[in-house]
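Notes follow once the structure below has been shown.
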Amino acid sequence: MTSSAPAPTKTGDFIRDIIDEDLKAGRHTKVITRFPPEPNGFLHIGHAKSICLNFGLALEYREKLGAGTRCHLRFDDTDPAKEDTLFEDGIQADVRWLGFDWDGLYHASDYFEQMYDYAEHLIKEGKAFVCSLTDAEIKEYRGNVTTPGKNSPYRDRSVEENLDLFRRMRKGEFKDSEHVLRGKIDMANANMKMRDPMLYRIRHTAHHMTGDKWCIYPMYDYAHPISDAIEGITHSICTLEFENNRELYDWTIDNLIDYAKFPSRPHQYEFARLNLNYTVLSKRRLLELVEGKHVSGWDDPRLPTIAGLRRRGYTPESIRNFCTTVGVAKANSVVDMAQLEFCIRDDLNQSAPRVLAVLKPLKVVITNYPDDQVQELDAAYFPPDFPKQASRKIPFSKEIYVEQDDFMLEPIKDFHRLAPGKEVRLRYAYCITCTNVVKDEDGNVTELHATYDPATLGANPEGRKVKGTIHWVSAKHAANAEVRLYDRLLSVEAPPAGKDSEFLNAVNPNALQVLTDCKVERSLAESKAGERFQFERQGYFIADEKDHKPGALVFNRIVTLKDSWARAQKK
RNA sequence: UGGGGUGUCGCCAAGUGGUAAGGCAGCUGGUUCUGAUCCAGCCAUUCCGAGGUUCAAAUCCUUGCACCCCAGCCA
């Protein structure tokens with residue numbers, strides 16, 4: 001009896017430990033998280049880790065703490081130059097596809113007015129000032145990691161002047177970059193993020209949500225903590241590179257005028273982002289692959305984007321399981337692609353019906369089988385020890401196709417398949433023995449002749465062992481199909497550390513191989529886009545969601561089956 | 001050379017002073033009309049290194065070392 005895939009064993013992680021302690025100490029009575037993407041691109045599997053963490057936490061703790069515990073989807077839309085509604089739509093679709101729903105859809109831009117008020121308050125308190133240094137001067141005054149910065153000459157402007165300037169910034173009296181609002185903290189702080197950080201910049205650019213209402217926009221470090229505070233976020237979870245920003249996150253919240261009014265004092269916690277070998281996860285590289293037309297689009301099945309994985313045939317369940325198996329911790333790490341591949345095989349092993357498909361056909365004529373006879377044979381969709389027990393009929397006739405790779409003119413040791421004089425079992429059908437090899441003038445094998453043993457249908461042959469079983473398809477009943485064989489995006493674990501486009505050299509030229517003369521069993525002629533199958537002995541495939549239609553069958557290989565024979569060959 | 005982090009099996013990752021979980025990968029063997037699945041077994045005398053405290057240390061102390069992040073008017 002095959003048990004259904006056990007849920008991955010999950011041990012607690014440091015985030016859950018923190019939450020448990022907070023709850024125990026009475027600091028919170030509910031847990032509110034948020035997933036805060038910037039709507040400037042597509043989500044990838046790295047985001048899935050964050051989504052599973054944030055939404056997963058809300059789901060888990062809601063069971064103990066009841067309603068009120070929730071996870072928001074918030075678009076971090078503070079840079080109008082890069083962001084777009086189009087991306088928001090894609091992100092929402094991806095989150096939903098992964099199986100999550102948000103309790104409230106928000107935008108950082110919802111709070112622009114309030115952020116502005118807080119900024120005026122900061123100015124009145126003498127904690128922020130309008131700086132009129134140029135871009136280059138600001139950079140110069142900031143110092144570097146080993147030398148302290150210098151105070152801006154505008155740092156001591158009066159509250160009145162600052163207020164006046166800031167109000168005029170809002171009114172649009174200045175050009176882009178003419179002034180900025182900065183927090184007045186400490187130019188000598190060892191944490192560079194605390195050297196009078198920029199809070200607002202002037203951008204005469206329309207925003208996809210607020211239109212032309214604003215020409216000054218808050219920076220991430222100012223907008224994020226305020227958004228969290230307003231929404232009552234209890235645990236604000238982000239990735240490791242924001243560790244240095246935490247001090248500023250705290251400074252911002254602690255200096256809000258109505259600090260005490262907020263439902264909870266949010267705290268930021270950082271975890272290690274996901275890294276995967278044999279692929280790329282950086283926004284920049286993904287963008288370059290798409291814009292450089294190295295792939296067909298954001299949903300190219302070679303890509304680790306959510307849209308790409310979906311089209312490739314990955315299930316949401318398998319991705320969620322993957323996220324829980326990789327865990328949540330603080331050490332930078334690179335997860336092995338084999339882990340992801342395991343998760344999808346594990347899922348599909350349970351759910352995908354088995355069918356027969358010949359990818360690279362080699363015709364076999366069964367010389368002792370009656371010319372016009374056709375037998376309808378029973379073929380189970382799932383192995384006998386599975387709970388599901390559906391089956392279909394597959395036609396058997398005199399001419400069939402088998403896989404080219406399942407024949408060897410001169411078989412090597414331990415090759416259990418077809419070769420001159422050798423006998424194999426045809427899955428769900430008879431055993432056949434290869435009696436003759438037909439070649440063209442170049443010596444290529446073009447056809448095989450074989451004889452079948454009528455006594456071997458549903459029974460073992462008498463007095464001999466047949467080791468191999470191969471898949472096949474009846475020549476005159478088979479449907480034609482295009483099959484896209486996908487493999488890992490990169491041919492090396494990690495592209496060279498180099499900047500620019502060097503990683504393109506690491507792109508696996510065989511990440512996509514298109515086969516157009518495939519022969520698939522009759523039943524697949526009626527398959528629908530999005531249906532997943534196991535092509536026996538080969539792998540899991542999905543009928544392409546865009547291109548597959550009746551009469552023009554197109555299947556994508558999701559992942560191969562484990563192949564210990566192939567592995568043994570490599571040694 | 002400043003500050004913030006991290007170092008436990010090939011890859012993830014538990015472990016919170018009591019004598020190294022689990023998953024993936026790998027290796028053996030068994031079952032099998034998928035060289036798949038499934039099943040059984042193996043896989044860290046040792047936790048970045050060196051000292052120290054302790055009856056007892058991956059866990060505490062000292063001191064090295066390695067790697068990551070911070071000098072966008074990006075997030």
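These numbers come from a predicted model, not from an experiment. Naming: A, B, ... by sequence-line order, numbering from 1 per chain.
- One atom, CG of A/Asp405, and another, P of B/rU34, lie 19 Å apart when rounded to the nearest Å.
- Mapping A/Asp17 and A/Asp336 onto RNA chain B via the closest heavy atom, the residue that lands nearer the 5' end is A/Asp336.
- The shortest distance between the side-chain N/O atoms of A/Arg203 and the OP1/OP2 oxygens of B/rG72 is not below 4.0 Å.
- Mapping A/Met192 and A/Ala459 onto RNA chain B via the closest heavy atom, the residue that lands nearer the 5' end is A/Ala459.
- Rounded to an integer number of Å, the gap from NZ of A/Lys330 to C1' of B/rC69 is 11 Å.
- Atom CH2 of A/Trp472 is separated from atom C1' of B/rC33 by 12 Å (rounded to the nearest Å).
- Comparing the P positions of B/rC38 and B/rG23 gives a spacing of 13 Å, expressed to the nearest Å.
- As a whole-Å value, the separation of A/Leu426 CG from B/rC33 C1' is 10 Å.
- For the 3.5 Å distance criterion, the side chains of A/Arg34 and A/Ser236 qualify, holding a donor opposite an acceptor.
- In terms of heavy atoms, A/Val520 sits closest to A/Val473 at C-CG2, 3.7 Å.
- Checking the phosphate oxygens (OP1, OP2) of B/rG72, a side-chain nitrogen or oxygen of A/Arg142 falls inside 4.0 Å.
- Checking B/rC73, B/rC70, B/rG2 against the side-chain heavy atoms of A/Asn244 singles out B/rC70 as nearest.
- If you check distances only, the side chain of A/Arg246 never reaches the base of B/rG4 with a donor-acceptor pair under 3.5 Å.
- Distances from the side chain of A/Val335 to the nucleotides B/rC12, B/rC27, B/rA36 place B/rC12 closest.
- Proximity of A/Arg425 to the phosphate of B/rU34: no side-chain N or O atom is located under 4.0 Å from OP1 or OP2.
- When each of B/rG5, B/rC73, B/rC74 is scored by its nearest atom to the side-chain atoms of A/Met198, the top-ranked nucleotide is B/rC73.
- Distance noted for atom C1' between B/rA14 and B/rC9: 13 Å (whole Å).
- Applying the 3.5 Å distance criterion, the base of B/rC73 shares no donor-acceptor pair with the side chain of A/Arg201.
- Of the side-chain N and O atoms in A/Ser333, one or more sit less than 4.0 angstrom from OP1 or OP2 of B/rA13.
- Counting only heavy atoms from C-beta on, A/Thr469 has its side chain closest to B/rU34 among B/rU34, B/rA25, B/rC74.
- The side chain of A/Ser564 lies closest to B/rA36, out of B/rA36, B/rA75, B/rU34.
- Distance CD (A/Glu38) to P (B/rG72): 18 Å, rounded to an integer number of Å.
- A 3.5 Å limit on both hydrogen-bonding distances identifies B/rU62 as the Watson-Crick or G-U partner of B/rA50.
- Using a 4.0 Å heavy-atom cutoff across all strands shown, A/Asp135 reaches at least one base atom of the nucleic acid.
- Using a cutoff of 4.0 Å between basic side-chain nitrogens and carboxylate oxygens, A/Glu247 and A/Lys193 are not scored as salt-bridged.
- Side-chain N/O atoms of A/Gln534 and base N/O atoms of B/rU34 include a donor-acceptor pair closer than 3.5 Å.
- Atom P of B/rG26 sits at a distance of 32 Å from the matching atom of B/rU6, rounded to the whole Å.
- B/rG10 and B/rG18 have their C1' atoms separated by 31 Å, with the value rounded to a whole Å.
- Pairing of B/rG2, defined by two Watson-Crick or G-U wobble distances under 3.5 Å, is identified with B/rC70.
- Phosphate proximity of B/rG35 to A/Lys467: absent, as no side-chain N or O sits under 4.0 Å from OP1 or OP2.
- Spacing between atom CG of A/Asp563 and atom P of B/rG26 amounts to 11 Å, rounded to whole angstrom units.
- Nucleic acid contact class of A/Ile470 (heavy atoms, under 4.0 Å, all strands): none.
- OP1 and OP2 of B/rA71 both lie 4.0 Å or more from every side-chain N or O belonging to A/Thr147.
- The side chain of A/Arg537 contributes an N or O atom lying less than 4.0 Å from OP1 or OP2 of B/rG35.
- Separation of the C1' atoms belonging to B/rG15 and B/rG30 is 35 Å when rounded to the nearest angstrom.
- Nearest nucleotide to the side chain of A/Asn144, out of B/rG5, B/rA71, B/rA36: B/rA71.
- A salt bridge links A/Glu423 and A/Arg464; the closest N-O separation between the charged side-chain nitrogens and carboxylate oxygens is under 4.0 Å.
- As rounded to the nearest Å, B/rG52 and B/rU16 have P atoms that lie 25 Å from one another.
- For A/Ala329, counting side-chain heavy atoms from C-beta on, the closest listed nucleotide (B/rA13, B/rG3, B/rC11) is B/rA13.
- Figure legend. B/rC38 is base-paired to B/rG30; pairs are counted as Watson-Crick or G-U wobble with both atom distances under 3.5 Å.
- For A/Phe342, counting side-chain heavy atoms from C-beta on, the closest listed nucleotide (B/rC24, B/rA75, B/rG2) is B/rC24.
- Taking each heavy atom of A/Asp77 and A/His207 in turn, the nearest pair found is O-NE2, 2.7 Å.
- Distances shorter than 4.0 Å separate none of the side-chain N or O atoms of A/Arg345 from OP1 or OP2 on B/rC24.
- Annotation: cation-pi geometry satisfied between A/Arg488 and A/Tyr278 (NZ/CZ under 6.0 angstrom from ring centroid, within 45° of ring axis).
- The partner of B/rA13, taking Watson-Crick or G-U wobble pairs whose two distances both stay under 3.5 Å, does not exist in any strand shown.
- Remark: A/Arg354 is positioned above the aromatic ring of A/Phe386, its terminal NZ or CZ atom under 6.0 angstrom from the ring centre and at most 45 degrees off the axis.
- Using modelled atom types, one finds a donor on one side chain and an acceptor on the other under 3.5 Å when comparing A/Tyr428 with A/Glu536.
- Within 4.0 Å of A/Gly468, counting heavy atoms only, lies no atom of the nucleic acid at all.
- Comparing the C1' positions of B/rC24 and B/rU19 gives a spacing of 27 Å, expressed to the nearest Å.
- OP1 or OP2 of B/rA75 sits under 4.0 Å from a side-chain N or O of A/Thr78.
- When each of B/rU37, B/rA71, B/rG35 is scored by its nearest atom to the side-chain atoms of A/Asp385, the top-ranked nucleotide is B/rU37.
- As a whole-Å value, the separation of A/Lys562 NZ from B/rA36 P is 8 Å.
- Separation of the C1' atoms belonging to B/rC68 and B/rA57 is 27 Å when rounded to the nearest angstrom.
- No salt bridge links A/Arg201 with A/Glu178; every basic N to acidic carboxylate O contact stays at or beyond 4.0 Å.
- Residue A/Glu241 contributes atom CD, which lies 17 Å from atom C1' of B/rG3 at whole-angstrom precision.
- The side chain of A/Arg567 lies closest to B/rG26 when the candidates are B/rG35, B/rU37, B/rG26.
- Taking the 5.5 Å centre cut-off and the 30° plane limit, the aromatic side chain of A/His224 is not classed as stacked on B/rA75.
- Between A/Phe541 and A/Phe555, a ring centre-to-centre spacing not shorter than 6.0 Å is recorded.
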